[in-house]
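Step one of this worksheet: look at the structure below.
Note on naming: letters A, B, ... go to the chains in the order of the sequence lines (proteins, then strands), and numbering restarts at 1 for each one.
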Number of protein chains: 2
Amino acid sequence: MAEPLPSPLSLPKSQYRQIADLLRARIETGHYEKDDPLPSEPELAAELGVSRVTINKAISLLRIEGLVRVRRGAGTYVRSTPRITRDARYRYAVVPGGTHASELEGRALGLTPRAECTEVGEVGAPPDVAAAFGIDQGDPVVVRRRRLYADEEPTRLADTYLPWDVADDTELLDSDVGSGAIYSDLADHGHGPVRFAEDITVRIASDEEARALDLEDGQAVIHIKHVAWDATDRAVEVALHVMPAHLWRLHYDWDVFGPDEEDDE
Amino acid sequence: MAEPLPSPLSLPKSQYRQIADLLRARIETGHYEKDDPLPSEPELAAELGVSRVTINKAISLLRIEGLVRVRRGAGTYVRSTPRITRDARYRYAVVPGGTHASELEGRALGLTPRAECTEVGEVGAPPDVAAAFGIDQGDPVVVRRRRLYADEEPTRLADTYLPWDVADDTELLDSDVGSGAIYSDLADHGHGPVRFAEDITVRIASDEEARALDLEDGQAVIHIKHVAWDATDRAVEVALHVMPAHLWRLHYDWDVFGPDEEDDE
DNA sequence: AAGTGGTCTAGACCACTGT
DNA sequence: CAGTGGTCTAGACCACTTT
């Protein structure tokens with residue numbers, strides 16, 4: 001090896017990073033095809049003349065990037081992961097008798113959405129939810145927990161909370177009402193949402209999240225805290241979403257109200 | 001060691017993960033104080049009776065979480081990282097003669113913001129920008145690149161692009177106009193923005209980004225593509241933001257236009 | 001049974017930081 | 001200079017999947 005690639009700022013890259021770059025390039029050029037396994041670690045170690053640990057470290061970089069997934073005992077596979085776009089405003093638009101705007105995401109990609117309801121019932125309010133509803137942590141609220149898929153790949157965990165009395169009026173408890181019929185339902189009972197807010201944070205998946213979303217160790221997830229208020233300015237719904245970061249693109253758009261009325265000095 | 005912690009779903013955690021949990025707990029309880037160094041890897045290895053590699057692997061988990069930072073040759077330090085909230089709508093509100101709404105973020109935390117302009121001038125439009133402006137990739141646009149800090153910590157890279165003819169009218173080129181005076185400036189020249197859109201993706205920091213933002217290897221960044229349109233529906237500004245994911249919380253809120261006017265069956 | 005990745009060790013050398 | 005983390009190796013054992 002003549003020169004170790006004299007990168008711009010004196011960066012003699014470590015072997016495992018160079019190998020990660022190499023494997024990444026092979027994936028992106030289609031040398032390794034999606035859903036196909038990479039060569040085994042011993043094979044790569046032999047091919048590239050390094051120890052298996054070095055290969056393993058290189059692959060762990062690709063794992064947190066979401067480029068590959070590992071199946072224990074079976075092999076390391078190239079992930080096929082186009083991003084899904086989530087348009088917040090469109091998603092939660094109130095379309096009176098219309099389609100449930102919720103699960104259009106991914107349809108453009110030819111993926112078939114599926115929802116799996118893991119729990120419906122009354123629980124103690126977690127901190128975030130209690131704060132939004134203006135109640136105490138642990139006070140009873142109604143929750144519906146779901147796991148959503150696109151083509152057998154889990155794409156999202158969604159926990160929807162309603163205040164106890166509001167839930168009483170709706171059909172949240174009755175069925176696993178497909179997708180986002182909740183808003184029509186709320187509207188029908190005088191709690192139609194007129195204002196939304198979302199807070200977005202990014203963090204590393206917890207162990208349970210990694211298991212539920214089929215994620216690798218150390219992968220990032222997007223956490224969205226979604227709150228809906230009715231016309232009386234009462235919070236009537238909180239949804240907590242946990243989504244694999246590499247799978248999504250979030251979209252927001254808004255208009256500017258004319259030059260803010262007052263405040264002109 | 002009696003039982004290896006019989007966690008709910010038969011999860012005999014690896015040593016390095018248990019050690020990561022331990023160190024994380026020690027950080028969160030203040031056993032290791034912020035801005036202080038952790039014990040050295042050999043010390044931890046001795047204390048916990050494992051090899052240094054295992055300690056190193058545990059710490060690498062804390063690094064991608066943004067809990068600690070490593071200073072080469074010096075030690076591993078606890079990060080003091082409260083999240084900064086970015087309110088998109090408020091940020092870009094048009095306040096005619098008022099304060100530059102841009103850099104209020106973090107003020108609540110007692111951090112002093114600072115901006116450093118790294119480049120101002122004409123460049124070829126990158127793909128994202130070209131698409132928004134409706135021009136060809138590589139066509140000339142004007143860019144201002146900045147790195148923003150809070151209390152000496154880099155918090156954001158912000159590249160602001162303007163179409164060539166629009167830039168001609170503004171003072172973008174003239175100075176490192178503190179923060180977000182661009183919008184007043186655009187408004188003064190008939191290009192006041194009336195609509196905004198933002199696309200958010202999360203990915204692993206590139207090498208350059210990691211260097212510029214003082215990030216660890218494998219840390220996630222939030223990428224925001226921000227577009228502003230004027231009253232003629234022409235895109236007049238594109239900003240690309242790259243932000244360390246562990247440092248931020250993004251906030252969006254919006255009102256629902258009354259039950260969509262028509263469309264009622 | 002053979003192959004896969006997961007993990008761990010002991011030891012080594014390096015570049016870098018501080019004093 | 002001694003101390004730090006960064007990296008790499010060879011070898012080992014394990015749990016798991018596939019055949």
Can you tell me if [X] touches the phosphate of [N], counting only side-chain N or O atoms and a distance under 4.0 Å to OP1 or OP2?
{"X": "B/Ser14", "N": "C/dT7", "result": "yes"}
{"X": "A/Arg52", "N": "C/dT7", "result": "no"}
{"X": "B/Thr54", "N": "C/dT9", "result": "yes"}
{"X": "A/Tyr16", "N": "D/dT7", "result": "yes"}

Answer yes or no: is there an ion pair linking [X] with [Y], defined by an N-O contact shorter than 4.0 Å?
{"X": "B/Arg26", "Y": "B/Glu47", "value": "yes"}
{"X": "A/Glu43", "Y": "A/Arg52", "value": "no"}
{"X": "B/Arg17", "Y": "A/Asp217", "value": "yes"}
{"X": "A/Asp21", "Y": "A/Lys13", "value": "yes"}

Check: Looking across every strand, which nucleic acid part, if any, lies under 4.0 Å from B/Val70 by heavy atom: base, sugar-phosphate, or nothing?
Finding: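 If one applies the 4.0 Å heavy-atom cut-off, B/Val70 turns out to touch the sugar-phosphate alone, with no base involved.
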Next item on the list: Remember a base hit wins even if backbone is also touched, and classify A/Pro37 as base, sugar-phosphate or nothing at under 4.0 Å, heavy atoms.
Entry: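 The residue A/Pro37 makes no contact with any strand.
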Write down the distance between [atom1] ([X]) and [atom2] ([N]), rounded to a whole number of angstrom.
{"X": "B/Ile55", "N": "D/dT4", "atom1": "CD1", "atom2": "C1'", "answer": "15 Å"}
{"X": "A/Glu43", "N": "C/dG5", "atom1": "CD", "atom2": "P", "answer": "8 Å"}
{"X": "B/Leu62", "N": "D/dG5", "atom1": "CG", "atom2": "C1'", "answer": "14 Å"}
{"X": "A/Ile59", "N": "C/dT7", "atom1": "CD1", "atom2": "P", "answer": "13 Å"}
{"X": "B/Glu41", "N": "C/dC16", "atom1": "CD", "atom2": "P", "answer": "18 Å"}
{"X": "A/Lys57", "N": "D/dG5", "atom1": "NZ", "atom2": "C1'", "answer": "10 Å"}
{"X": "A/Leu44", "N": "C/dT4", "atom1": "CG", "atom2": "C1'", "answer": "12 Å"}
{"X": "A/Asp217", "N": "C/dT7", "atom1": "CG", "atom2": "C1'", "answer": "12 Å"}

Item checked: B/Glu33 atom CD: more than 12 heavy-atom contacts under 6.0 Å ->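 No, CD of B/Glu33 has 12 or fewer neighbouring heavy atoms, counting only those of other groups under 6.0 Å.
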Interface polar pairs with nucleotides 14-19 of chain D, N/O, under 3.5 angstrom:
from, atom 1, to, atom 2, distance (Å)
D/dT17, O4', A/Arg72, O, 3.4

What's the closest nucleotide to the [X] side chain, out of [options]?
{"X": "A/Ser40", "options": "C/dT4, D/dT7, C/dA10", "value": "C/dT4"}
{"X": "B/Pro42", "options": "C/dT7, D/dG6, D/dT4", "value": "D/dT4"}
{"X": "B/Gln15", "options": "C/dC8, D/dT7, C/dG5", "value": "C/dC8"}
{"X": "B/Asn56", "options": "D/dG5, D/dT9, C/dC8", "value": "D/dG5"}

Next item on the list: Quickly, which of B/Glu116, B/Arg114, B/Arg156 forms a side-chain hydrogen bond (donor to acceptor under 3.5 Å, both in side chains) with B/Tyr149? Name it, please.
Entry: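 Of the listed options, the one satisfying the test is B/Glu116.
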Check: Given the rule in the salt bridge (Lys or Arg N to Asp or Glu O under 4.0 Å) test, do B/Arg86 and B/Glu198 qualify, once you have shown the distances and angles that lead to the verdict?
Finding: CA-CA 13 Å; B/Arg86 172 186 185 272; B/Glu198 300 197 337; 2.9 Å; yes
Margin query: In the structure I gave you, are the side-chain heavy atoms of A/Tyr252 and B/Leu250 within less than 4.5 Å of one another anywhere?
Written below: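 No. Closest side-chain heavy atoms not under 4.5 Å.
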